[in-house]
Amino acid sequence: MSEIIADKNSETIKPNDILITLCDSVSFVMSTATGCEIKYAPMVQRITRTTLRPDIGTFVLFTGSFSGMVVINFSKEAAMEIYTGYMTTMGLPEQELTKNYASDEVANSLGELMNQILGNFTSKVSANLHSRIEQSQPKMLALPHEVQVSINMALDNPQASRITFKTGSGNVFYLEYTMDDTEFIPVGELSEHEEIDPDDILASVFNEK
C-alpha cells in the first residue's frame, strides 16, 4: 500500500497531499479494473464550487477525521471505455454489453468502481494518518446539462480542486474534490498500521496442528 507523502518542506500533511493519495487510488483501481493504464495530470486546478457535469456524474460524501465530497464527471466516451474494459476484464463478452451510456449497467459498474476507489483511499488514510473516515453510498446521475451540487455538511473553510484524468484511448474525465482545510501534524513517531493477511493467519493455524 502506498503512503501519503507529506509536503517536501514539512512533515505536515495538508489537503493537497490527501488529494494526491485520492488520485493515486482512482488511477490504481481503474487501471487494475480495466486492464488499461489511467493517468492523471500533474496539475491541480483550484475551483470555487463542486458540480456534477454531463454526461455522467457520480459523487460520494465522507465524514470522520475530516469531511468532504468526491465527484467524478465522465464524458460518455470515457464512461463507456471504462465500463467496457471493466466488464471484459471480468470475462463478459463485449457483444453482450450495453451500448447506452445512460443505462443502469454502466451506472452500476461506475458506482462499484467508485466504491472500490473510496475503499482503497480510506484504507490508506487509516493506515498512514491513524485516522478514520466513512463514506456514503455512491450516487450516479446521467446528466443532460451541468448541475450544481450543494454539500449538506458543515466544512471548515472548504477547499475545492479539480484534477484531469485520461484513459488509455485518450478520453478525459474529471475528479472534483472538496474537503476541510485541515492539516495533520505529527507529534511523535508514527508508523503505518500493519496489514493482516487472512491467508497468513490460516497458514499459521494449520502449521501449528
Side-chain angles (χ1 to χ4, degrees), residues 1-5 17-44 50 52-62 68-128 133-143 161-177 179 195-199:
M1 180 182 295
S2 64
E3 296 182 358
I4 297 178
I5 306 299
D17 304 315
I18 297 172
L19 172 60
I20 295 305
T21 298
L22 175 60
C23 290
D24 287 340
S25 291
V26 173
S27 180
F28 170 75
V29 169
M30 288 196 171
S31 296
T32 302
T34 63
C36 186
E37 188 174 16
I38 292 179
K39 300 179 179 180
Y40 58 90
M43 300 291 289
V44 177
T50 304
L52 288 173
R53 304 172 188 274
D55 293 303
I56 295 181
T58 176
F59 69 96
V60 170
L61 304 178
F62 57 87
M69 181 170 72
V70 178
V71 169
I72 301 182
N73 292 309
F74 300 93
S75 65
K76 57 180 176 290
E77 293 82 8
M80 290 304 297
E81 180 183 348
I82 292 167
Y83 158 75
T84 301
Y86 184 28
M87 292 294 101
T88 54
T89 297
M90 292 197 298
L92 274 70
E94 187 168 350
Q95 61 268 24
E96 295 182 9
L97 304 181
T98 183
K99 304 301 181 184
N100 180 10
Y101 79 91
S103 68
D104 289 342
E105 290 93 333
V106 174
N108 291 339
S109 296
L110 295 179
E112 173 58 28
L113 287 173
M114 187 67 140
N115 255 331
Q116 294 178 30
I117 289 165
L118 267 292
N120 183 275
F121 172 63
T122 56
S123 178
K124 291 176 182 177
V125 168
S126 175
N128 291 281
I133 56 176
E134 297 184 0
Q135 69 180 75
S136 66
Q137 279 296 110
K139 307 297 183 185
M140 301 289 307
L141 294 172
L143 303 165
S161 303
R162 180 187 296 131
I163 298 282
T164 302
F165 284 78
K166 185 175 290 187
T167 67
S169 296
N171 292 311
V172 172
F173 63 94
Y174 302 93
L175 180 146
E176 296 189 7
Y177 174 68
M179 69 167 287
E195 294 185 51
I196 299 175
D197 188 335
D199 292 335

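Keep in mind it's a predicted model, so treat the numbers as computed, not measured.
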(message) I'd like to check Tyr40 versus Ile20 (side-chain heavy atoms, cut-off strictly below 4.5 Å). Are they in contact?
(response) yes
(message) Looking at every non-hydrogen atom in both residues, tell me the closest pair between Met69 and Phe62 and how far apart they are.
(response) N-CE2, 3.6 Å
(message) Using modelled atom types and a 3.5 Å cut-off, is there a donor and acceptor pairing between side-chain atoms of Thr58 and backbone atoms of Lys139?
(response) yes
(request) Answer with yes or no whether the side chains of Asn115 and Gln135 bring together a donor and an acceptor at under 3.5 Å. (result) yes
(message) Looking only at the side chains, is there a donor atom on one of Thr167 and Glu81 sitting less than 3.5 Å from an acceptor on the other?
(response) yes
(message) If I take atom CG from residue Leu22 and atom CG from residue Asn120, how far apart are they, to the nearest 0.5 angstrom?
(response) 9.5 Å
(message) Restricting to non-hydrogen atoms, name the atom on Ile117 and the atom on Ser25 that form the minimum distance, rounded to 0.1 Å.
(response) O-CB, 3.8 Å
(request) Grab the two heavy atoms, one from Leu110 and one from Ala79, that are nearest each other, plus how far apart they are. (result) CD1-CB, 4.0 Å
(request) Mark yes or no for whether Ser27, through its side chain, and Ile38, through its backbone, hold a donor-acceptor pair below 3.5 Å. (result) yes
(message) Has Thr89 got a side-chain atom pairing as donor or acceptor with Gly85's backbone, closer than 3.5 angstrom?
(response) yes
(request) Might you work through the side chain to side chain contact (heavy atoms under 4.5 Å, CB included) test for Val172 and Thr164, ending with a clear yes or no? (result) CA-CA 7 Å; Val172 172; Thr164 302; 3.5 Å; yes
(message) So, taking the atom named CG in Asn73 and the one named CG in Leu141, what distance separates them when rounded to the nearest 0.5 Å?
(response) 10.0 Å
(message) More than 12 heavy atoms of other residues, nucleotides or ligands under 6.0 Å from CE of Met90: yes or no?
(response) yes
(message) Nearest 0.5 Å, please: how far is CE in Met80 from OG in Ser103?
(response) 6.5 Å
(request) Quick one: sort the Tyr177 and Phe121 rings into parallel, tilted or perpendicular, breaks at 30° and 60°. (result) perpendicular
(message) How close do Thr50 and Glu176 get, counting heavy atoms only, and between which atoms?
(response) CA-OE1, 3.5 Å
(request) Kindly indicate whether the side chain of Ile82, heavy atoms from C-beta on, has any atom under 4.5 Å from the side chain of Phe173. (result) yes
(message) Any side-chain to backbone donor/acceptor pair from Ser169 onto Asn171? Under 3.5 Å, distance only.
(response) no
(request) To the nearest 0.5 Å, tell me how far Glu134 CD sits from Thr122 OG1. (result) 9.0 Å
(message) Testing the basics here: between Asn100 and Thr98, what is the closest heavy-atom pair and its distance to 0.1 Å?
(response) N-OG1, 3.2 Å
(request) Write down the atom of Ser136, the atom of Val60, and the distance for their closest heavy-atom approach. (result) O-CG1, 3.6 Å
(request) Check whether any side-chain heavy atom of Leu97 lies under 4.5 Å from a side-chain heavy atom of Glu105, and answer yes or no. (result) no
(request) Kindly compute the distance separating CD (Gln95) from OG1 (Thr88), expressed to the nearest 0.5 Å. (result) 11.0 Å
(message) Taking Phe28's backbone N and O only, do any of them form a donor-acceptor pair with Thr32's side chain (distance below 3.5 Å, no angle check)?
(response) yes
(request) Can you measure from CG (Leu19) to CZ (Arg162) and round to the nearest 0.5 angstrom? (result) 12.5 Å
(message) Is any side-chain heavy atom of Met30 closer than 4.5 Å to one of Phe165?
(response) no
(request) Find out whether Glu112 and Asn108 are in side-chain contact, i.e. whether some heavy atom of one side chain is under 4.5 Å from a heavy atom of the other. (result) no
